[in-house]
Amino acid sequence: MTIGNRTIGLALSGGGFRATLFGLGSLWRLNDAGLLRKIDRITSVSGGSILAGILAHRWTKLDFAGGGAGNFVEVIVDPVQSFCRRTIDIGAGLKGIVTPFKTAGDYLSDLYAKDLFGDAMLRDLPAASKEQVPRFIFYATNMQTGRSFRFRQDIVADYVLGVSGTVEVSLADVVAASSAFPPIFSPIILKTKPESWENPDKEFPGLNKLRRRIVLADGGVYDNMGLESLWGNVDIVLVSDAGAPFKIDPKPFEDDLLQLGRVRDILIDQTRSLRKRWLMSELESGRYHGAYWGIGTAINEYKAPGALAKDNALTATLESIPTRLCRFSEKDQGHLINWGYALADAALRSRANLSLPKAAHCPIVKYPI
């Protein structure tokens, strides 16, 4: 799928239900512009993977006869909003603590299966094709190899373990692995047959043992924006980022163990910041083409004619909404979706050079921003 002869990739970041809803606004704008059906690759992490999972699972139900899917609200928006009206992290977390042989991640996967994906397997997703279906790439982090672990419609892959086209994994487990934020929901354990893998980076003693039992955590531990598989594979990179901003903590824990959470957050933030600075440098220099919009982005900086919103007290508070998998009110959902839609509109028109007409208004009129 292309615009002219240019391929497009979209990255949906992590950030709990906040990222799911902000990303939904981004998808809504892309669909209204007739671009959703032209995307070649969609990568996702954590909360973004919940959205990408719903999109991939229901892709064949979308009716693109008019350019944009006319049934986008019914097929994608309604189930996403319905799911984000539930609090799932507390229940799954507590059950994981009190149940000896089942983890919180297992309970998280059960919820995804029950409410979103049923018994669908990764291989059941529609195959990627240049004319009809994007390649979906769900990111988790391999806690053993320290590398990203990628789930695609046709393969699973890890730079150390190699590639396998025969691993059987449910879509619920894929999304759970991508959103298994430590220490509550990780790890998700994936058991595979070592002989099903090939083409590792290099052979070494113990490789088959690592392939047999794979320990996975949230994809955001390695790359919260899911950028890696877009570079060099698409011509236009689009990034919808609702990741949590790093906050100053005037009174961090000083206990030997309790301070480790703060250390983890600093390490993850530094990696994320480096990736973002590199992305922005590539886009601004013209070495790469595309657009970035983040939940904390100032929309006025785009200088997009007829922008759908202006920076104000409300938009400034949205990046402070928690990145949990907890119930979001109708009002908060509306504001997040509209903000993702408005920022995507401004970024696509002013930075990605896609020559899009301005949208008339944000989609959820009841909650203007």
Side-chain angles (χ1 to χ4, degrees), residues 12-29 31 44-59 61-62 69 71-96 104-120 138 171-176 178-181 184-185 218 220 240-244 295 314-315 317-344 362-369:
L12 298 169
S13 83
F17 281 168
R18 187 179 80 178
T20 306
L21 293 162
F22 181 83
L24 178 61
S26 301
L27 287 186
W28 205 332
R29 181 63 188 105
N31 182 65
S44 62
V45 181
S46 198
S49 286
I50 298 173
L51 175 62
I54 293 171
L55 180 66
H57 186 240
R58 292 160 170 76
W59 184 269
K61 296 181 180 179
L62 291 170
N71 58 348
F72 182 77
V73 172
E74 173 190 347
V75 175
I76 305 298
V77 175
D78 289 346
V80 170
Q81 290 201 264
S82 178
F83 191 68
C84 292
R85 294 188 189 104
R86 299 185 54 195
T87 295
I88 65 173
D89 52 5
I90 294 176
L94 290 175
K95 288 179 180 178
D106 293 332
Y107 282 109
L108 186 63
S109 178
D110 288 346
L111 285 168
Y112 290 150
K114 177 178 178 291
D115 295 329
L116 294 176
F117 308 125
D119 57 0
F138 303 87
L171 182 56
D173 279 348
V174 168
V175 176
S178 184
S179 56
F181 192 79
I184 298 173
F185 294 113
D218 190 297
S240 172
D241 181 13
I295 195 168
L314 170 62
T315 62
T317 66
L318 296 180
E319 66 175 343
S320 298
I321 292 177
T323 56
R324 289 180 49 198
L325 302 178
C326 64
R327 179 184 182 275
F328 275 62
S329 68
E330 181 184 354
K331 183 177 181 181
D332 283 345
Q333 287 200 24
H335 288 150
L336 282 167
I337 292 169
N338 280 343
W339 188 227
Y341 189 99
L343 283 170
C362 289
I364 303 181
V365 180
K366 188 176 180 180
Y367 297 108
I369 51 176

Practice problem: Using the side-chain contact (heavy atoms from CB on, under 4.5 Å) rule, take W28 and I364 through it: C-alpha gap first, then chi angles, then the decisive distance, then the call. | Solution: CA-CA 11 Å; W28 205 332; I364 303 181; 4.1 Å; yes

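- One finds the OG atom of S46 at 12.0 Å from the CG atom of L12 (value rounded to the nearest 0.5 Å).
- You'll find the side chain of D89 stays beyond 4.5 Å of the side chain of I184, heavy atoms only.
- Smallest separation of non-hydrogen atoms from R58 and V75: CD-O, 3.1 Å.
- Pairing each heavy atom of C362 with each of A342, the nearest pair is SG-CB, 3.9 Å.
- The shortest side-chain heavy-atom distance between Y367 and D332 does not fall under the 4.5 Å cut-off.
- Atom CG of L171 and atom OG of S109 lie 9.0 Å apart (nearest 0.5 Å).
- Within the 4.5 Å cutoff, the side chain of F185 has no heavy atoms near those of the D218 side chain.
- Note that CG of L55 is 7.0 Å distant from CZ of F72, once rounded to the nearest 0.5 Å.
- Using a 4.5 Å cut-off on side-chain heavy atoms (C-beta onward), Y112 and I88 make contact.
- The shortest non-hydrogen separation linking S13 to A242 is OG-N, 2.7 Å.
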Quiz item: After noting the C-alpha distance and the side-chain angles of F17 and L336, does the key distance pass the side-chain contact (heavy atoms from CB on, under 4.5 Å) rule?
Solution: CA-CA 10 Å; F17 281 168; L336 282 167; over 6 Å; no

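- With sequence neighbours left out, the salt bridge (charged side-chain N to carboxylate O under 4.0 Å, His left out) criterion links E330 to K366.
- Rounding to the nearest 0.5 Å gives a distance of 9.0 Å between CZ of F22 and CG of L318.
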Exercise. Mind running side-chain contact (heavy atoms from CB on, under 4.5 Å) on F117 and I54 for me, showing each step along the way?
Key: CA-CA 8 Å; F117 308 125; I54 293 171; 4.2 Å; yes

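- Proximity of L108 to L325: side-chain heavy atoms (C-beta onward) are separated by under 4.5 Å at one or more points.
- In terms of modelled atom types and a separation under 3.5 Å, the side chain of W339 and the main chain of I295 share a donor-acceptor contact.
- Inter-residue side-chain proximity for I76 and N71 is flagged as unmet; no heavy-atom pair is nearer than 4.5 Å.
- F328 has its side chain within reach of I321: a pair of non-hydrogen atoms, C-beta onward, lies under 4.5 Å apart.
- Q81 places no side-chain N or O within 3.5 Å of a backbone atom of Q333 that could act as its donor or acceptor partner.
- Checked by atom type and distance alone, the side chain of T20 pairs as donor or acceptor with a backbone atom of G47 at under 3.5 Å.
- In this structure, the separation between OG on S44 and CD1 on I50 is 10.0 Å, given to the nearest 0.5 Å.
- The shortest non-hydrogen separation linking G23 to S240 is CA-OG, 3.8 Å.
- The closest side-chain heavy-atom distance from E74 to K61 is not below 4.5 Å.
- Looking at S179, its side chain does come within 3.5 Å of a backbone N or O of V175 through a donor-acceptor pair.
- Taking SG of C84 as the reference point, atom CZ of R18 lies at 13.0 Å (rounded to 0.5 Å).
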